[in-house]
Amino acid sequence: MCGKRLNVREKYLCLDCEADLPLTRYATRDRNPMADKFNGRIQERLDTFEPYSYASALFFYHEGYKEITRGLKYDGRIGLGKEFGRRLGMSLAASPLYRDVDAVVPVPLHWTRRYRRGYNQAEVIAGAVARELGAPLRRSFLRRARRTRSQAKLSTESKAANVAGAFKASGRGRRFPWLPPGTPAVEVHHILLIDDVFTTGSTLAACHAALREAFGPAVRISAATLACAAD
């Protein structure tokens, strides 16, 4: 963050930057600004009752600390995703809101973008979160049905339109036909969606919509990211 050389006891952040890391502390709050915005996006497409979704981020997307998610997404610094994903997972595991998560689902990339980048940054984070929660990583629950434009420079309305219908669930109901013969059916109660950054919530809301088509209202769908934009 600051350009100082790290000593042997420091990892990714020096002690000064570590002390200034703008943590959200949202993991223990069932209602917080990020969750309210996420639920607002979800309700925009509904005319029926939808259970309130939990949402949390590790830190605020402030200047300087943006380099954590940028380094992971654009510079191939997978170690950043693993380390800060681990921290995110620890914060969620310590909260009673997320202890019953039994499926961790990364926001998928379109195959062309994943091929060019070589990895999915959300999947890197999700793997670390899943390990801390002791929950299975379910890459196949969601797929990206079409390629979308980058969300970075779009307006709020354009972001929602850009990802509308872009995601599809890989199965119907609570049982998934793609499992090999003889494998016990997958049944889940609390799905946790994972992405790198939360800004308007449009991408996660589109993923929520796809999963809700496959899972009834008895299944809770929550979301978590490394960073979120501060209001």
Side-chain angles (χ1 to χ4, degrees), residues 1-28 34 54-95 97-99 101-111 113-144 151-152 190-199 203-204 207 222-229:
M1 299 303 103
C2 63
K4 291 180 182 177
R5 183 182 297 274
L6 301 181
N7 65 41
V8 294
R9 295 184 179 181
E10 296 170 337
K11 189 173 184 179
Y12 296 111
L13 297 177
C14 70
L15 291 178
D16 289 338
C17 291
E18 189 77 60
D20 288 337
L21 183 65
L23 298 173
T24 68
R25 307 191 191 280
Y26 283 168
T28 57
M34 176 178 168
Y54 301 145
S56 181
L58 181 63
F59 59 89
F60 290 111
Y61 195 56
H62 285 175
E63 199 60 44
Y65 293 94
K66 293 179 180 180
E67 295 307 316
I68 294 173
T69 53
R70 287 176 177 171
L72 167 63
K73 188 171 184 176
Y74 299 114
D75 299 333
R77 301 188 64 188
I78 291 175
L80 284 170
K82 291 181 177 180
E83 170 61 19
F84 289 93
R86 181 186 67 84
R87 297 189 190 194
L88 173 62
M90 289 177 63
S91 71
L92 299 173
S95 169
L97 304 179
Y98 301 93
R99 287 176 187 164
V101 167
D102 50 7
V104 178
V105 179
V107 171
L109 285 179
H110 191 266
W111 71 268
R113 187 162 285 148
R114 183 185 178 115
Y115 177 80
R116 188 169 66 248
R117 188 174 296 168
Y119 62 95
N120 176 2
Q121 71 277 3
E123 190 174 308
V124 173
I125 301 164
V129 170
R131 283 189 291 273
E132 294 300 323
L133 289 175
L137 178 65
R138 301 293 188 185
R139 302 178 185 90
S140 300
F141 272 27
L142 272 180
R143 63 183 177 87
R144 202 147 192 153
Q151 297 276 82
H190 191 170
I191 295 171
L192 181 64
L193 280 165
I194 298 291
D195 205 1
D196 54 348
V197 180
F198 181 98
T199 50
T203 299
L204 285 167
C207 290
S222 301
T225 61
L226 283 190
C228 73

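We're numbering straight along the sequence, starting at 1.
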- Query: If you measure from CZ on R114 to CG on L109, what distance do you get to the nearest 0.5 Å?
  - Reply: 7.0 Å

- Item | Closest non-hydrogen atom pair between L72 and L226, with its separation | CD2-CD1, 4.5 Å

- Can you tell me how far the CD atom of Q121 sits from the CG atom of L80, to the nearest 0.5 Å? 12.5 Å

- Yes or no on side-chain contact (heavy atoms from CB on, under 4.5 Å) for M34 and T24, after CA distance, side-chain angles and deciding distance? CA-CA 10 Å; M34 176 178 168; T24 68; over 6 Å; no

- Show the numbers, then the answer: is there a side-chain contact (heavy atoms from CB on, under 4.5 Å) between V129 and L92? CA-CA 8 Å; V129 170; L92 299 173; 4.0 Å; yes

- Determine yes or no for a side-chain-to-main-chain donor-acceptor pair under 3.5 angstrom, with R117 supplying the side chain and Y74 the backbone. no

- Query: Taking all atoms of both residues into account, what is the closest heavy-atom pair of P108 and R144, and its distance?
  - Reply: O-NH1, 2.8 Å

- Query: Got a sec: does the CZ of R25 have more than 12 other heavy atoms crowding it under 6.0 Å?
  - Reply: no

- Value for CG (L193) from CG (L142), rounded to nearest 0.5 Å, stands at 6.5 Å

- Item | side chain to side chain contact (heavy atoms under 4.5 Å, CB included), paired with T225, selected from L204, D196, V197 | L204

- Message: Do the side chains of E10 and K4 get close enough for a salt bridge, i.e. N-O under 4.0 angstrom?
- Response: no

- Message: Testing the basics here: between L133 and G89, what is the closest heavy-atom pair and its distance to 0.1 Å?
- Response: CD2-O, 4.3 Å

- Nearest heavy-atom approach of C14 to C2 is SG-SG, 3.7 Å

- Query: Do any N or O atoms from the side chain of D195 and from the backbone of V107 form a donor-acceptor pair under 3.5 angstrom?
  - Reply: no

- Under 3.5 Å donor-acceptor, D75 side chain and R77 backbone: no

- Which residues pass the side-chain contact (heavy atoms from CB on, under 4.5 Å) test with E83, sequence neighbours left out? K11, Y12, R86, R87

- Which pair of non-hydrogen atoms, one from A103 and one from R138, has the smallest distance, and what is that distance? CB-CG, 3.9 Å

- Message: Show, in sequence, the C-alpha distance, side-chain angles and deciding distance for S95 and Y54, and conclude whether the side-chain contact (heavy atoms from CB on, under 4.5 Å) test is met.
- Response: CA-CA 11 Å; S95 169; Y54 301 145; over 6 Å; no

For residues 55-68, run the donor-acceptor check on the side chains, cut-off 3.5 Å, and write out each pair with its distance to 0.1 Å, sequence neighbours left out.
{"unit_1": "S56", "atom_1": "OG", "unit_2": "A27", "atom_2": "N", "d": "3.2"}
{"unit_1": "Y65", "atom_1": "OH", "unit_2": "C17", "atom_2": "O", "d": "2.6"}
{"unit_1": "E67", "atom_1": "OE2", "unit_2": "R70", "atom_2": "NH1", "d": "3.3"}

- Point-to-point distance, once rounded to the nearest 0.5 Å, from CG of L137 to CD1 of I194: 9.5 Å

- Query: Which distance, rounded to the nearest 0.5 Å, do you find between the NZ of K73 and the OG1 of T69?
  - Reply: 8.0 Å

- Item | Closest heavy-atom pair and its distance - P106, A126 | CB-CB, 3.8 Å

- Check for a donor-acceptor pair, side chain of S91 on one end and backbone N or O of L88 on the other, with a separation under 3.5 Å. yes

- CZ on R131 to CE on M90, rounded to 0.5 Å: 13.5 Å

